[in-house]
Colleague: 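Would you mind keeping the following structure in view while I ask a few things?
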Protein chains: 2
Amino acid sequence: MLSNIREVADLAGVSVATVSRTLQQPELVSPKTRARVTRAIEQLDYKPNLMAVKFRSGKSHNIVVLVPTVANVFFARVIRGMQEAAAAEGYSLLLVNTMGDNATEQNYARMIHTSQADGVVQLRAFNPFNENDVDDQGLLPMVNACEILDAPQCPTVSLDNRLAAAAMTEHLVELGHQHIAMIKGPASSPLTRERMLGFKDALRESGLNYCEDLMFDGDFTLQSGFDAADRILSQTHPVSAIFCENDEMALGAISRLKAAGLRIPEDISVTGFDNIAFSNFSDPPLTTIAQPAEEFGETAINLLIDVLKGKAKRAVKVILPYQLIIRNSTGPAPAQPVNPTQ
Amino acid sequence: MLSNIREVADLAGVSVATVSRTLQQPELVSPKTRARVTRAIEQLDYKPNLMAVKFRSGKSHNIVVLVPTVANVFFARVIRGMQEAAAAEGYSLLLVNTMGDNATEQNYARMIHTSQADGVVQLRAFNPFNENDVDDQGLLPMVNACEILDAPQCPTVSLDNRLAAAAMTEHLVELGHQHIAMIKGPASSPLTRERMLGFKDALRESGLNYCEDLMFDGDFTLQSGFDAADRILSQTHPVSAIFCENDEMALGAISRLKAAGLRIPEDISVTGFDNIAFSNFSDPPLTTIAQPAEEFGETAINLLIDVLKGKAKRAVKVILPYQLIIRNSTGPAPAQPVNPTQ
DNA sequence: AGAAAAAATGTAACCGATAACATTTTCTGA
DNA sequence: TCAGAAAATGTTATCGGTTACATTTTTTCT
C-alpha cells in the first residue's frame, strides 16, 4: 500500500540515493533521470515517511505550545497566529492545555528531550527548563510570549503592559475618575503585576491615592469578573470606575453591575484589556487595549525557529505596540460615585 | 549529552534487548537485572528517542485535528475535551486551522500518508479522504465530530441538531411568536441545514408558515450576526423573534437590535445555540441550546483511538444530548411585531 | 541426577530515509 | 585523442530503537 524509497528506486531503475537527491537537491540529478524518478514517484504515489526523515535528521519539526487554556479568546487568536507562521515554515504545533499547572508544563517541555519536539512556546511566565537545557549559544529552545518571563536565555515577545495599563488609567483620570477599582488576574501572573504597576504609576502621576482595598482578585474568566464586581458592590469604598485586567472579566463585571441596576458608563465606567471580538458587540461596547494577538503568535514562532536554526546569537526581546480603544463603557465620572453602603 | 539505549546496555552490562524489554515488558526481565537496568537508566538520565520508537513502530501517536477556526469559542471547548482525552491515552494533537478550505484539509489529512499522524478528527462535514484510505475493517482513520458528515466509513459524534432546533422553535412558538426570522450559518455546513429543517418541522407542527424571506445568511461570527440583524431591520416582513444558529451571531444581532433602540425581549426575542460562556453574561442573558462541547471532543478522540487500535468493527454514531436553556433573551411575543417599514 | 520445560538473555535484522564516500559517466581542453 | 576535471550515480553505514529467533540459564519433575 504505502511504497517506500526502494520501490521507487527499483521502478525508476536507479539507486535510492538518486531518489533521495531528486527530492532533496534536484539540481544534482540529471534532467532525464530526474524525470524518470518523478514519474515513478507519481506512479507509485510515493510519499516519504516523515517519521523516518524526522528520526534520521534528529529534527521533529514539532513545536510544543504551552497554553494556560485554549478557552481564552485572546489565546485563541495568538494560537491562530502561531498556526500560520508554523505552517509556513513546515512546523506542526503540539498544543497543550496546561491549566496553569507547573508539573504538566515540565512534563510536556520534556518532549524535547525525547525528540518529539524541537522547541517550546510558553504563553505563561513559567520556565519549565533548567540550565542544562541551553544550547551551544546559551539559549533555551523556548520563546516566551505575552507574559514576561525573567529568563535571559530565551527570546520574549510581549507588550509593554505597564505602559498600556498606565495609558488606560490616564484615560479614566482624564474623565474625572478618582475612585478606580481594579480587577486583577491571578497573582501568579507577572502580567497582573505589570498592569498593576502601570495603574499605580498613572495614579501617582495624577496625584491620586492608591487604595489597596480597591484591588480585587480574578482569574481572567467571565465568572471571576462577575464575582469581583459583586464584591465591589458589597464593600464601602466609593467607586466610579473599574479597570479590569482583561475583557472577559470586564464583561463579567458589567453583567453584575447591570444586574444591580447601574448604568454604564453613566453610573460607573468599566475598562478591559485585549480587545477580543466580543468587546465590540457588548452593551456598551468596551473601552479596552488592543493587542496584536495574531502577531504575538507569529512573532513567537519565528523567533523560536531562528533559535532552532541557530540563527539567533542572543535572546532578543520584542515589544509589540498596544492601542487604546475608547468605546462607550467609559464616560465622565458621575457627581456621586457608586457606594452601596452610603 | 543525550544517551541512547546502547550506552544504557553497556553500563548495565546487558544487551540492548534487555534494556528495551525492561521498558516495554518488565515482566520478562528478572528482578535483579531489571534493577541494574533501571539504575543505569537513572544514572545516565536516559530518555528513549520517541521519534525512533514512532518510526520503528509505525505509529506516530499523533492525531490531526481539523478545525474551521480555533477562534470559535465553541470549538475551543471541544478542543479542550480532545486535549484531555488524547493526553490520557498518550496521543498528541496536531491542531490545524483550516479556515474551511478543502484543499488545506486534504493537505493535512495527508499527514497520515506520510506517517506523521495516525488519524484525523474532522470538525467539519468534509471528507478529506477517499475510498483507498479505509483500513481492513473498512474504516477511515477519522472521526467526524459536531457536524454530521455522510460517511458510513467513519464514526461520528454529534447532536440531534434538527430536534434541538425544533425544540428551540417550539419554545418561541409557545411564547406566541408567529414571525420568526432565522440567521443561518454558511450554506456549506450541514449543521445549518439540520437546524433549518428542525425549524421548519416545528413551524409546520404549529401550523405556522415558513417564509423564505426571513432566512438570513451568516458565518457564525459576531459580525455576521450584526450584519444579518441589520438586513432584518431593513426589510419589510414583520419579525418578533430571531433564531440564530449560534450564540456568537445571536450576540452580534442583539448588538445591532439594541443600536436600533429595540428592547430584548420586550420588542423582539433572540435565541442562540451552543451556550458559550458569554451567553450567560450578555444583556440580556441568552436563551440557547447547551451542547456538551468538552464531551464532544473527548468522545471523538476515544472513538478514533478505538478505530486506530482496530477495536471498532464498524462506524458507530454517537448522539449526545442537548439542553434547552431558557434565559432572558426570549419573552412573550409583543402585540405588534417589529416591522420598520410599516 | 539428569532430561525436559520454562525463563532469561543475547544476537542481529529491520524500519525508511540520508549522506559520506566510492565509482562510473560525461565533459573539457590541449 | 586522451588525461583530468566535473557531473552523475551507486554503495553502504547509520540514526535508535524493536523484535523474531537463537542461545544460555534456571527451574521442574521423575
Side-chain angles (χ1 to χ4, degrees), chain A residues 1-41 44-62 90 110-118, chain B residues 1-41 44-62 90 110-118:
Chain A
M1 166 164 349
L2 280 180
S3 46
N4 62 23
I5 200 170
R6 245 162 292 267
E7 300 177 47
V8 174
D10 289 348
L11 180 60
V14 297
S15 71
V16 292
T18 302
V19 177
S20 178
R21 274 189 290 254
T22 303
L23 263 43
Q24 308 299 326
Q25 311 154 63
E27 69 279 5
L28 293 186
V29 180
S30 76
K32 330 139 218 154
T33 39
R34 203 188 305 165
R36 275 220 313 289
V37 171
T38 308
R39 216 164 55 82
I41 288 176
L44 294 173
D45 190 31
Y46 165 72
K47 308 253 185 298
N49 179 327
L50 290 186
M51 284 319 261
V53 175
K54 289 167 178 219
F55 161 54
R56 183 58 162 80
S57 68
K59 299 286 164 215
S60 68
H61 279 244
N62 286 156
R110 212 165 290 153
M111 291 177 97
I112 287 181
H113 298 133
T114 55
S115 303
Q116 283 194 92
D118 302 340
Chain B
M1 166 168 343
L2 281 180
S3 46
N4 62 24
I5 200 171
R6 246 162 291 266
E7 300 177 47
V8 174
D10 289 350
L11 180 59
V14 297
S15 71
V16 290
T18 301
V19 177
S20 177
R21 275 189 288 255
T22 304
L23 262 43
Q24 308 299 325
Q25 311 152 59
E27 68 279 6
L28 293 186
V29 180
S30 76
K32 330 140 218 153
T33 39
R34 203 188 307 165
R36 274 219 315 289
V37 172
T38 307
R39 215 164 56 83
I41 288 176
L44 294 173
D45 190 31
Y46 165 71
K47 307 249 187 298
N49 178 329
L50 290 186
M51 284 317 263
V53 174
K54 288 169 178 213
F55 161 53
R56 184 56 163 84
S57 68
K59 299 286 162 214
S60 67
H61 279 246
N62 286 157
R110 212 165 291 152
M111 290 178 96
I112 287 182
H113 298 132
T114 55
S115 304
Q116 284 194 90
D118 302 340

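Convention: sequence-line order gives letters A, B, ...; per-chain numbering from 1.
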Colleague: Over how many whole Å does the gap from B:Glu27 atom CD to C:dT9 atom P extend?
Modeller: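 The answer, rounded to whole Å, is 13 Å.
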Colleague: Considering every strand and a 4.0 Å limit on heavy-atom distances, what is the contact class for A:Val19: base, sugar-phosphate, or nothing?
Modeller: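 Result for A:Val19 = nothing.
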Colleague: Please determine, for the side chain of B:Arg56, which listed nucleotide (C:dA12, C:dC14, C:dG16) has the closest atom?
Modeller: C:dC14
Colleague: Tell me the interatomic distance from A:Met51, atom CE, to C:dA17, atom P, rounded to whole angstroms.
Modeller: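 Distance check: A:Met51 CE to C:dA17 P gives 13 Å.
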Colleague: Provide, to the nearest angstrom, the distance between the CZ atom belonging to B:Arg6 and the P atom belonging to C:dT11.
Modeller: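 In whole Å, C:dT11 P and B:Arg6 CZ are 12 Å from each other.
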Colleague: Quick check on C:dG16: is either OP1 or OP2 less than 4.0 Å from any side-chain nitrogen or oxygen of A:Asn4?
Modeller: yes
Colleague: With A:Arg36, which of A:Val14, A:Thr22, A:Thr18 fulfils side chain to side chain contact (heavy atoms under 4.5 Å, CB included)?
Modeller: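 The option that passes is A:Val14.
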Colleague: Would B:Ile41 and B:Thr38 count as a side-chain contact (heavy atoms from CB on, under 4.5 Å) here? Give the steps.
Modeller: CA-CA 5 Å; B:Ile41 288 176; B:Thr38 307; 5.6 Å; no
Colleague: Please report the shortest heavy-atom distance between A:Asp118 and A:His61, naming the atom on each side.
Modeller: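 Distance-wise, the nearest heavy atoms are OD2-N, 2.8 Å.
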Colleague: Can you tell me if B:Ser3 uses its side chain to pair, donor with acceptor, with the backbone of B:Leu44 under 3.5 Å?
Modeller: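 It does hold such a pair.
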Colleague: Which part of the nucleic acid, if any, lies within contact of A:Thr33, taking any heavy atom under 4.0 Å across all strands shown: a base, the sugar-phosphate backbone alone, or nothing?
Modeller: sugar-phosphate
Colleague: Rounded to the Å, how far apart are A:Lys32 NZ and C:dT25 P?
Modeller: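 The distance from NZ of A:Lys32 to P of C:dT25 comes to 12 Å, rounded to the nearest Å.
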Colleague: CD of B:Gln116 versus P of C:dC15: gap in Å, rounded?
Modeller: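 So the two atoms are 21 Å apart, to the nearest Å.
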Colleague: Which pair of non-hydrogen atoms, one from B:Arg110 and one from A:Lys47, has the smallest distance, and what is that distance?
Modeller: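 Answer, listing the atom of B:Arg110 first, then A:Lys47: CD-CE, 3.5 Å.
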Colleague: Side-chain N or O of A:Gln24 versus OP1/OP2 of C:dA19: is the shortest distance under 4.0 Å?
Modeller: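 False: A:Gln24 side-chain N/O out of range (4.0 Å or more) of C:dA19 OP1/OP2.
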Colleague: Touch check for B:Ser20, heavy atoms < 4.0 angstrom, all strands: base, sugar-phosphate only, or nothing?
Modeller: base
Colleague: Look only at the side chain of A:Ser20 and the backbone of A:Val16, and say whether a donor-acceptor pair between them is shorter than 3.5 Å.
Modeller: no
Colleague: Can you give me the first and the last nucleotide of DNA chain D (5' to 3') that has an atom within less than 4.0 angstrom of a non-hydrogen atom in chain A?
Modeller: D:dA8 to D:dG16
Colleague: Just how far, in rounded Å, is C1' of C:dA17 from CG of A:Leu50?
Modeller: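 Nearest whole value for this atom pair: 10 Å.
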Colleague: Do B:Arg21 side-chain atoms and B:Val29 backbone N/O form a donor-acceptor pair below 3.5 Å?
Modeller: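 No; zero donor-acceptor contacts below 3.5 Å.
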Colleague: Does C:dT9 have its OP1 or OP2 closer than 4.0 Å to a side-chain nitrogen or oxygen of B:Thr18?
Modeller: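 Result: no.
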Colleague: Let me spell it out: for each of B:Ala17 and B:Phe55, pick the nucleotide of DNA chain C with the closest heavy atom. Which residue's pick is nearer the 5' end?
Modeller: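 Result: B:Ala17.
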Colleague: Using whole Å, report how far NZ of A:Lys47 lies from P of C:dA17.
Modeller: 12 Å
Colleague: I need the CD-C1' distance between B:Gln25 and C:dA7, as an integer number of Å.
Modeller: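 Atom CD in B:Gln25 sits about 14 Å away from atom C1' in C:dA7.
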Colleague: Hey, which of these two, B:Ala52 or A:Arg36, hits DNA chain D nearer its 5' end, going by closest nucleotide?
Modeller: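 Looking at the nearest nucleotide for each, A:Arg36 comes out on the 5' side.
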